[in-house]
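This report refers to the structure that appears directly beneath it.
Please read all numbers here as calculations on a predicted model, not as lab measurements. No hydrogens, no waters, no symmetry mates; every other heavy atom, side chains included, goes into these values.
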Amino acid sequence: MQRTPRDVAAKPGPSDPAAPAASTAPQIQLVPATAEGALDAAEEAVDLLLESGRAPGDVLVITTGEPHPWAAHELSFGEAAYWAQHDAGDDVFYADAAVAERAAARPVVVVAVNGGSEAAAATALSLAHSRAGGLLIVCGDPQRINSALGAGV
């Protein structure tokens, strides 16, 4: 019996959601830096992303130690104004690991492992992994990052 296109279409087949989970996991890039240099490395990564054509609203930056100066400045105007900028989604958004859980997913998440406890770093990295749509860039000491993750990145 010869199969017609209608016969083939009538048979159920695999759908896109059945694709391997690995295709939905973000690509991970590690940028080696000291804790003191992690914030600068994250800034350089953001600059490169923007220069390569990435939209500013595609990027979320999470810090594990001291907050990014932008976040500290914006928070001085109050939490409502700070989170309104997040919700607008039209610029790079900077969040401290302690409040990053409130941040929505973005195509790119950059993490600056710039201090904080090992537990805070592990939590931030796990959260960042879940928020990154396609790319996760982690800036910091590779040994500390691997220790925080409990495995190699």
Side-chain angles (χ1 to χ4, degrees), residues 14-153:
S15 62
D16 287 341
S23 67
T24 60
Q27 175 188 354
I28 300 173
Q29 293 180 2
L30 177 60
V31 178
T34 63
E36 296 79 21
L39 202 52
D40 288 337
E43 279 296 312
E44 289 177 29
V46 169
D47 288 345
L48 288 171
L49 288 164
L50 299 177
E51 288 170 10
S52 71
R54 181 68 70 171
D58 285 354
V59 183
L60 169 65
V61 179
I62 299 173
T63 57
T64 64
E66 289 293 316
H68 186 278
W70 179 91
H73 173 75
E74 293 302 319
L75 279 166
S76 72
F77 298 107
E79 292 238 355
Y82 173 75
W83 286 106
Q85 289 188 354
H86 166 270
D87 296 341
D90 56 3
D91 204 355
V92 176
F93 189 77
Y94 297 85
D96 179 80
V99 298
E101 187 172 294
R102 185 170 167 185
R106 294 214 177 174
V108 180
V109 177
V110 179
V111 179
V113 182
N114 64 329
S117 69
E118 293 298 319
T123 300
L125 290 169
S126 176
L127 176 70
H129 191 266
S130 71
R131 295 293 192 271
L135 179 61
L136 171 60
I137 301 172
V138 183
C139 305
D141 176 16
Q143 287 182 323
R144 181 157 190 235
I145 293 166
N146 286 335
S147 173
L149 290 175
V153 175

Step-by-step ring pair (Phe, Tyr, Trp, His ring centres under 6.0 Å) determination, H86 to W83: CA-CA 5 Å; H86 166 270; W83 286 106; 5.3 Å; yes
- prompt: Just wondering, do D141 and S147 contact through their side chains at under 4.5 Å, heavy atoms?
  reply: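 No; the side chains remain at least 4.5 Å from each other.
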- request: Go through I137 and L49 one step at a time and tell me if the side-chain contact (heavy atoms from CB on, under 4.5 Å) criterion holds.
  value: CA-CA 11 Å; I137 301 172; L49 288 164; 4.0 Å; yes
Looking only at heavy atoms, what is the nearest atom pair of [X] and [Y], with distance?
{"X": "R106", "Y": "D91", "result": "NH1-O, 2.8 Å"}
{"X": "Y94", "Y": "A71", "result": "O-CB, 3.6 Å"}
{"X": "G65", "Y": "N114", "result": "N-OD1, 2.7 Å"}
{"X": "A38", "Y": "A112", "result": "O-CB, 3.8 Å"}
{"X": "P107", "Y": "R54", "result": "CB-NH1, 3.7 Å"}
{"X": "A128", "Y": "V111", "result": "CB-CG2, 3.3 Å"}

message: Applying the side-chain contact (heavy atoms from CB on, under 4.5 Å) criterion to C139, which one of T63, D40, V110, V113 satisfies it?
response: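 Running side-chain contact (heavy atoms from CB on, under 4.5 Å) over T63, D40, V110, V113 with C139 returns exactly one hit, V110.
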query: What distance do L127 atom CG and T64 atom OG1 have between them, rounded to the nearest 0.5 Å?
result: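 Those atoms lie 12.5 Å apart.
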message: Quick check for you: to the nearest 0.5 Å, what is the distance between L30 atom CG and L136 atom CG?
response: 10.0 Å
message: Working note: R131 + E101, criterion side-chain contact (heavy atoms from CB on, under 4.5 Å); need CA distance, chi angles, decisive distance, verdict.
response: CA-CA 9 Å; R131 295 293 192 271; E101 187 172 294; 3.9 Å; yes
message: side-chain contact (heavy atoms from CB on, under 4.5 Å), that's the test. Do Q85 and W70 meet it? Break it down for me.
response: CA-CA 12 Å; Q85 289 188 354; W70 179 91; 2.8 Å; yes
task: Examine distances only and state if a side-chain atom of S126 and a backbone atom of A122 form a donor-acceptor pair shorter than 3.5 Å.
output: no
